[in-house]
Enquirer: 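Take a look at this one; I'll ask things after.
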Amino acid sequence: MATYNHKKIESKWQKIWQKNDFEIWHADYRAKEPKKYVLDMFPYPSGDGLHVGHVEGYAASDILSRYYRMRGFNVLHPMGWDAFGLPAENYAIKMKTHPRLVVEKNIKNFTKQLRSLGFSYDWQREINTTDPEYYKWTQWIFLQLFNKGLAYEAEVPVNWCLSCKTVLANEEVSNDKCGRCGAAVERKKLNQWMLKITAYADRLLEDLADLNWPEKVVEMQKNWIGRSEGAEIEFPVADSGLKVKVFTTRADTLAGATYLVLAPDHSLISLLDARIRNKNSVNEYIERTKRKSELERISDIKSKTGVELQGLNVINPFTRKEIPIWISDYVLASYGTGAVMAVPAHDDRDFAFAKEFNLPVIQVVSGDGLSGQEKEMKEAYTGEGIMINSGEFNNLPNHIARERIVEFVKGDKKVNYKLRDWIFSRQRYWGEPIPIIKCEKCGNVPVPEKDLPVLLPKVKNYQPTGEAESPLAAIKSWVNVACPVCGGPAKRETNTMPQWAGSCWYYLRYLDSLNKEAMAASVKEKYWMPIDTYIGGVEHAVLHLLYARFWHKVLFDIGAVSTKEPFQKLVNQGLILGSDGQKMSKSRGNVINPDAIIKEFGADSLRLYEMFMGPLEDAKPWQPEGIIGLYRFLGRVWKLISQKSKVKKSLLAGKQEKPDNSAALDRLLHKTIKKVGSDIENFHFNTAISALMILFNEMEHAKSAPLPDGSGNANAPMRKEYMEIFLKLLFPFAPHLAQELWSRLQSNRGSSVKSGQQSGNDGLLDKEPWPQYDEALILESEVELLIQVDGKLRDKILVAKGISQAEAEKIALSQTKIKEIMGDKKAKKIIFVPDRLINIVLL
RNA sequence: GCCAGAGUGAUGAAAUUGGCAAACAUGCACGACUCAAAAUCGUGUGCCGAAAGGCUUGUGGGUUCAACUCCCACCUCUGGCACCA
């Protein structure tokens with residue numbers, strides 16, 4: 001008998017599925033069935049090709065999609081390419097070729113790889129963010145942002161990557177390093193295009209509540225937005241008409257504010273320059289701060305530095321006392337007002353600073369055993385409590401005093417966010433041109449819609465200029481245009497959009513990828529949105545997922561989409577680590593190449609293994625020996641079911657099928673149908689596969705058992721119905737093998753049924769309904785009752801389901817084993833859990 | 001420091017509402033087949049013990065007839081944020 005030939009089977013079915021441009025998986029919005037939109041985070045088609053991490057998420061979404069189709073849903077499951085970005089551009093610079101050619105080549109390879117895995121994508125909807133027909137609409141959306149005042153130019157301090165030679169968004173920088181290349185990031189001031197994401201901060205925060213997302217991602221977005229409610233309070237500068245505004249969330253502690261701290265680049269310093277007595281040391285400190293990197297500043301968290309502005313004081317508006325002004329780098333110019341009132345008694349940072357420079361500490365909230373009578377506080381008290389040392393507010397709970405003190409000093413309630421506006425321009429070539437024309441007379445003029453897309457022109461040199469311009473600036477014929485408003489001489493914006501632009505709305509383009517009139521027809525958008533399930537890595541928690549939500553909300557506000565949020569449910573697949581438990585990386589040499597695995601074991605084994613490894617969302621190490629188990633499993637499935645045809649042909653007429661007698665197998669079958677279905681819906685693919693193995697092991701066992709009449713033909717065929725149901729359950733996980741065996745079973749229906757007529761489904765499992773289970777069959781008539789004595793398991797008995805407590809007690813107490821253990825002791829109490837256990841308590 | 005998540009055999013892991021800890025798979029050991037090896041199949045495999053039995057889910061305590069599961073404290077690891085006033 002032929003052994004399991006995965007290569008032959010997989011390429012055979014991939015060819016069949018490919019017919020008519022994958023018509024089999026093409027979804028139409030006019031279908032009568034209810035819809036499901038199952039989306040993968042589309043890949044950046046890198047030169048390294050597909051990673052086993054991609055396969056994990058894509059296998060999960062494919063299983064879900066195939067399952068939903070069999071359940072009768074109209075499933076949209078598309079794929080495309082997020083192809084703008086630096087790696088392609090850098091490679092192109094190195095190889096002196098056009099990035100488009102690099103991208104085309106990579107896409108070709110990715111396509112081949114994805115198809116070799118048998119993923120059921122609707123390839124007719126394939127998109128590519130670098131296709132002018134696609135980025136025409138990315139530019140169109142930018143214009144909508146511009147027209148709403150949400151895209152603006154500003155001179156701002158930016159993160160400049162010294163290696164990529166471009167600015168980066170705050171979200172792309174971590175620990176002062178470029179998130180992409182790891183090189184150092186420098187701060188400088190540049191004129192940049194900004195997107196006003198802060199205008200949506202509240203809605204981005206509030207609407208998280210309605211999403212079915214992992215708690216972790218929700219938390220990360222909340223922290224990133226960093227909403228904080230407080231008040232702005234003014235401190236008059238003594239002997240001057242000037243005032244310093246501070247932001248505080250603890251207005252209740254105002255009486256304890258014993259000094260003020262300004263960020264080193266606060267504007268007051270230059271305004272009152274003449275009155276500062278220690279100008280030299282102040283300037284020195286300011287210079288030193290500028291040179292300090294973010295990393296150095298963080299490592300200085302515990303030890304505080306600073307300089308007093310001698311000659312200047314402010315008046316505490318509550319106590320009316322004069323207090324000194326300091327500057328310190330622990331106060332950030334970019335947050336709040338760039339100035340804080342320091343309350344060392346109730347803030348850890350202020351406390352550390354006060355200790356460093358011997359500044360007075362005045363406790364104004366008592367609590368936690370601290371009454372304010374202690375000679376010296378050992379640390380700041382940041383908890384709740386009762387007001388002290390605060391005049392008329394004494395004895396009030398501090399949260400009530402907080403509101404009243406704001407009123408008392410005529411402060412303004414204020415909400416601050418950590419979220420900053422999105423720095424949107426990049427000084428690189430391989431991105432969407434920003435569709436703006438700069439006219440000396442008219443200013444920034446949007447490119448008229450009819451002129452979209454603004455095509456990315458060919459340049460001789462992709463090398464970044466290292467300046468505030470992209471390589472596009474060198475093409476005079478492209479840059480110089482007539483102003484669309486006044487017709488006068490004007491220049492195109494030469495910066496391009498960041499990598500994230502294209503992925504902010506790609507899920508909408510899939511709905512109507514060929515539309516030339518709109519980004520997507522409204523009728524299609526209304527039918528398909530929102531996305532029911534979005535699967536991808538957690539690394540986009542505050543990048544793509546925040547940016548896309550922002551754009552989506554803008555599109556919602558202008559009526560271009562009908563839902564507030566794009567991604568209803570989000571699932572993060574965990575990292576697949578190397579077999580050493582470390583993150584896979586080329587430098588560690590622990591990278592697994594999916595192509596090699598497919599070649600050796602087949603796509604079905606790879607899919608099955610990655611799903612069997614453990615819970616989808618967990619990080620888990622790749623075990624080189626692990627995949628063999630799944631390969632063996634599929635080999636046994638092949639053997640048992642393909643063998644049938646041979647035996648059947650050779651059997652004498654009249655020989656009956658194996659009755660697969662046992663009600664136990666029937667029960668297991670129906671239990672498995674139920675479990676596999678609910679496990680798929682809950683993303684418990686590992687236990688679904690384990691359930692399939694248990695069922696299959698039993699089927700195999702039943703097959704080799706002798707016939708009930710004792711004839712002992714261990715090779716009698718298995719009941720067809722069992723094998724059919726098993727193959728349907730296996731299909732979403734291992735589609736090639738299940739389909740091959742299914743078609744063999746169908747063609748072996750024998751001469752009584754003409755082939756191809758049996759189901760009208762072209763013999764394709766995709767079109768077969770998911771099996772139904774019978775709840776009545778799952779119920780057991782007998783149950784195993786556990787007998788415990790003092791909570792310890794001592795015996796098990798088989799009893800009729802629904803047995804009464806009295807009966808159960810009688811049986812349990814009559815067991816010899818139990819009698820021995822009990823001796824002459826009497827049961828004090830008996831706990832009975834129906835159909836589960838009986839616990840005899842002696843103690 | 002703050003936030004979130006996780007600690008179960010040699011390994012990946014499993015365990016409806018608190019109710020048989022270790023399903024399923026890998027690895028390993030032994031056996032069958034083979035001249036032999038691979039592949040395949042079978043048996044065994046948490047720990048201690050000859051057995052009876054006892055012990056076991058990061059540590060310590062608690063609630064309960066009964067705790068991997070609930071509560072308290074602590075330890076360790078992973079991810080995120082990091083002087084955000």
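What's counted below: heavy atoms across the whole structure, side chains too, no hydrogens, waters or symmetry copies. Below, chains carry the letters A, B, ... as their sequence lines are ordered, and counting in each starts from 1. Remember, predicted model here, so these are calculated numbers, not experimental data.
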Enquirer: Check if the side chain of A:Gln623 and the base of B:rG27 share a donor-acceptor pair of N or O atoms closer than 3.5 Å.
Expert: no

Enquirer: Please report the distance separating the C1' of B:rU8 from the corresponding atom of B:rA13, rounded so that it comes out in whole Å.
Expert: 9 Å

Enquirer: Which one, B:rU40, B:rA15, B:rA82, comes nearest to the side chain of A:Lys639?
Expert: B:rU40

Enquirer: For A:Leu837 and for A:Ile628, locate the closest nucleotide of RNA chain B by heavy-atom distance; then report the residue assigned to the nucleotide nearer the 5' terminus.
Expert: A:Leu837

Enquirer: Using a cut-off of 4.0 Å on non-hydrogen atoms, how would the nucleic acid contact of A:Asn839 be classed: base, sugar-phosphate, or nothing?
Expert: base

Enquirer: Taking only the P atom of each, what is the distance from B:rA67 to B:rA85 in whole angstrom?
Expert: 45 Å

Enquirer: I want to confirm an ordering. Mapping A:Gln788 and A:Asp618 to their closest nucleotides on RNA chain B, which one lands closer to the 5' end?
Expert: A:Asp618

Enquirer: Rounded to the nearest Å, what distance is computed from the NE2 atom of residue A:His346 to the P atom of nucleotide B:rC83?
Expert: 23 Å

Enquirer: Given the P atoms of B:rG44 and B:rA25, what is the spacing between them in whole Å?
Expert: 13 Å

Enquirer: Tell which nucleotide pairs with B:rA14, taking only Watson-Crick or G-U wobble pairs whose two distances are both under 3.5 angstrom.
Expert: none

Enquirer: Less than 3.5 Å apart, any donor N or O on the side chain of A:Tyr4 or A:Ser642 sitting next to an acceptor on the other?
Expert: no

Enquirer: Measuring only the C1' atom in each nucleotide, how far is B:rC68 from B:rC20? A whole number of Å is fine.
Expert: 14 Å

Enquirer: So, under a plain 3.5 Å distance rule, would you say the side chain of A:Lys828 forms a donor-acceptor pair with the base of B:rC65?
Expert: no

Enquirer: Is the shortest side-chain heavy-atom distance between A:Leu630 and A:Ile689 below 4.5 Å?
Expert: yes

Enquirer: Between A:Asp350 and A:Tyr259, is there a side-chain donor-acceptor contact under 3.5 Å, judged purely by atom types and distance?
Expert: no

Enquirer: Any idea which of B:rA4, B:rG54, B:rG19 is nearest the A:Ile831 side chain?
Expert: B:rG19

Enquirer: Counting side-chain heavy atoms from CB outward, which of B:rC81, B:rC20, B:rG12 is closest to A:Leu786?
Expert: B:rC20

Enquirer: Please list, in numerical order, the residues of residues 249-268 of chain A that have a heavy atom closer than 4.0 Å to any atom of RNA chain B.
Expert: A:Thr249

Enquirer: With both distances under 3.5 Å as the test, what is the Watson-Crick or G-U wobble partner of B:rA29?
Expert: B:rU43

Enquirer: When rounded to the nearest Å, what value does the distance between P atoms of B:rA51 and B:rG7 take?
Expert: 33 Å

Enquirer: Regarding A:Val542, tell me which of base, sugar-phosphate or nothing describes its non-hydrogen contacts under 4.0 Å with the strands shown.
Expert: nothing

Enquirer: A:Gln573 CD to B:rG79 P: how many Å, rounded?
Expert: 17 Å

Enquirer: For A:Asn686, answer base if it contacts any base atom (sugar-phosphate contacts may also be present), sugar-phosphate if it contacts only those atoms, and nothing otherwise; contact means non-hydrogen atoms under 4.0 Å.
Expert: sugar-phosphate

Enquirer: B:rC74 pairs with which nucleotide, Watson-Crick or G-U wobble, both distances below 3.5 Å?
Expert: B:rG58

Enquirer: Name the nucleic acid region contacted by A:Arg227, choosing base, sugar-phosphate or nothing; use a 4.0 angstrom heavy-atom cut-off, strictly under.
Expert: nothing

Enquirer: Would the base of B:rU17 count as contacting A:Arg836 through its side chain, where contact means a donor and an acceptor less than 3.5 Å apart?
Expert: yes

Enquirer: Write down the distance separating the C1' atoms in B:rG31 and B:rA23, rounded off to the nearest Å.
Expert: 26 Å

Enquirer: How many Å lie between CG on A:Asn416 and C1' on B:rC83, as a whole number?
Expert: 16 Å

Enquirer: Within a strict 4.5 Å, meaning less than it, do heavy atoms of the A:Thr672 and A:Ile694 side chains meet?
Expert: no

Enquirer: Would you kindly give the CZ-to-P distance between A:Phe685 and B:rA25, to the nearest whole Å?
Expert: 20 Å

Enquirer: Looking at B:rA38, which nucleotide sits across from it as a Watson-Crick or G-U wobble partner, both distances under 3.5 angstrom, or is there none?
Expert: none

Enquirer: Heavy atoms only, 4.0 Å cut-off, all strands: where does A:Leu692 land among base, sugar-phosphate and nothing?
Expert: nothing

Enquirer: Are the side chain of A:Ser328 and the backbone of A:Thr305 linked by a donor-acceptor contact shorter than 3.5 Å?
Expert: yes

Enquirer: Should B:rG9 be called syn or anti, with syn set as within 90° of 0?
Expert: syn

Enquirer: Given B:rU16, is OP1 or OP2 found less than 4.0 Å from the side-chain N or O atoms of A:Lys674?
Expert: no

Enquirer: State the pairing partner of B:rA50; accept Watson-Crick or G-U wobble contacts with both distances under 3.5 Å, and report none otherwise.
Expert: none

Enquirer: Counting only Watson-Crick or G-U wobble pairs whose two distances fall under 3.5 Å, which nucleotide matches B:rG79?
Expert: B:rC3

Enquirer: Please find the pair of heavy atoms, one from A:Asp329 and one from A:Tyr285, that lie closest to each other, and give the distance.
Expert: N-OH, 3.0 Å

Enquirer: Parallel under 30°, tilted from 30 to 60°, perpendicular over 60°: which one fits the rings of A:Tyr631 and A:Phe601?
Expert: perpendicular

Enquirer: Regarding A:Asn697, tell me which of base, sugar-phosphate or nothing describes its non-hydrogen contacts under 4.0 Å with the strands shown.
Expert: sugar-phosphate

Enquirer: With rounding to the closest Å, how many angstrom separate the P atoms on B:rA4 and B:rC74?
Expert: 15 Å

Enquirer: Between B:rC65 atom P and A:Ile821 atom CD1, what is the distance in whole Å?
Expert: 21 Å

Enquirer: Give me the distance, rounded to whole Å, that separates B:rU59 from B:rA52 when you measure between the P atoms they each carry.
Expert: 27 Å

Enquirer: Select base, sugar-phosphate, or nothing to describe what A:Arg636 touches, counting heavy atoms under 4.0 Å on all strands.
Expert: sugar-phosphate

Enquirer: Looking across every strand, which nucleic acid part, if any, lies under 4.0 Å from A:Lys796 by heavy atom: base, sugar-phosphate, or nothing?
Expert: base

Enquirer: Please classify the nucleic acid contact of A:Ile694 as base, sugar-phosphate, or nothing, using heavy-atom distances under 4.0 Å.
Expert: sugar-phosphate

Enquirer: Relative to each other, are the rings of A:Phe353 and A:Phe357 parallel, tilted or perpendicular (30° and 60° limits)?
Expert: tilted

Enquirer: Are any side-chain N or O atoms of A:His6 and backbone N or O atoms of A:Glu600, one a donor and one an acceptor, separated by less than 3.5 Å?
Expert: yes

Enquirer: Report the distance from atom CD1 of A:Ile689 to atom C1' of B:rU26, rounded to the nearest whole Å.
Expert: 15 Å

Enquirer: Just name whichever nucleotide pairs with B:rA21, Watson-Crick or G-U, keeping both distances under 3.5 Å, else none.
Expert: none

Enquirer: Using a 3.5 Å distance criterion without hydrogens, assess whether the side chain of A:Asp421 forms a donor-acceptor pair with backbone atoms of A:Ile197.
Expert: yes

Enquirer: With side chains defined as the heavy atoms from C-beta onward, is the minimum distance between A:Arg794 and A:Gln815 less than 4.5 Å?
Expert: no

Enquirer: Send over the distance from A:Glu625 CD to B:rC24 P, rounded to a whole Å.
Expert: 20 Å

Enquirer: Among B:rC20, B:rA14, B:rA85, find the nucleotide with the atom closest to the side chain of A:Glu784.
Expert: B:rC20

Enquirer: Going by heavy atoms in the side chains, are A:Asn572 and A:Lys216 under 4.5 Å from each other?
Expert: no

Enquirer: Between B:rU26 atom C1' and A:Phe601 atom CZ, what is the distance in whole Å?
Expert: 12 Å

Enquirer: How is A:Lys620 classified with respect to the nucleic acid when contacts are heavy atoms under 4.0 Å: base, sugar-phosphate, or nothing?
Expert: sugar-phosphate

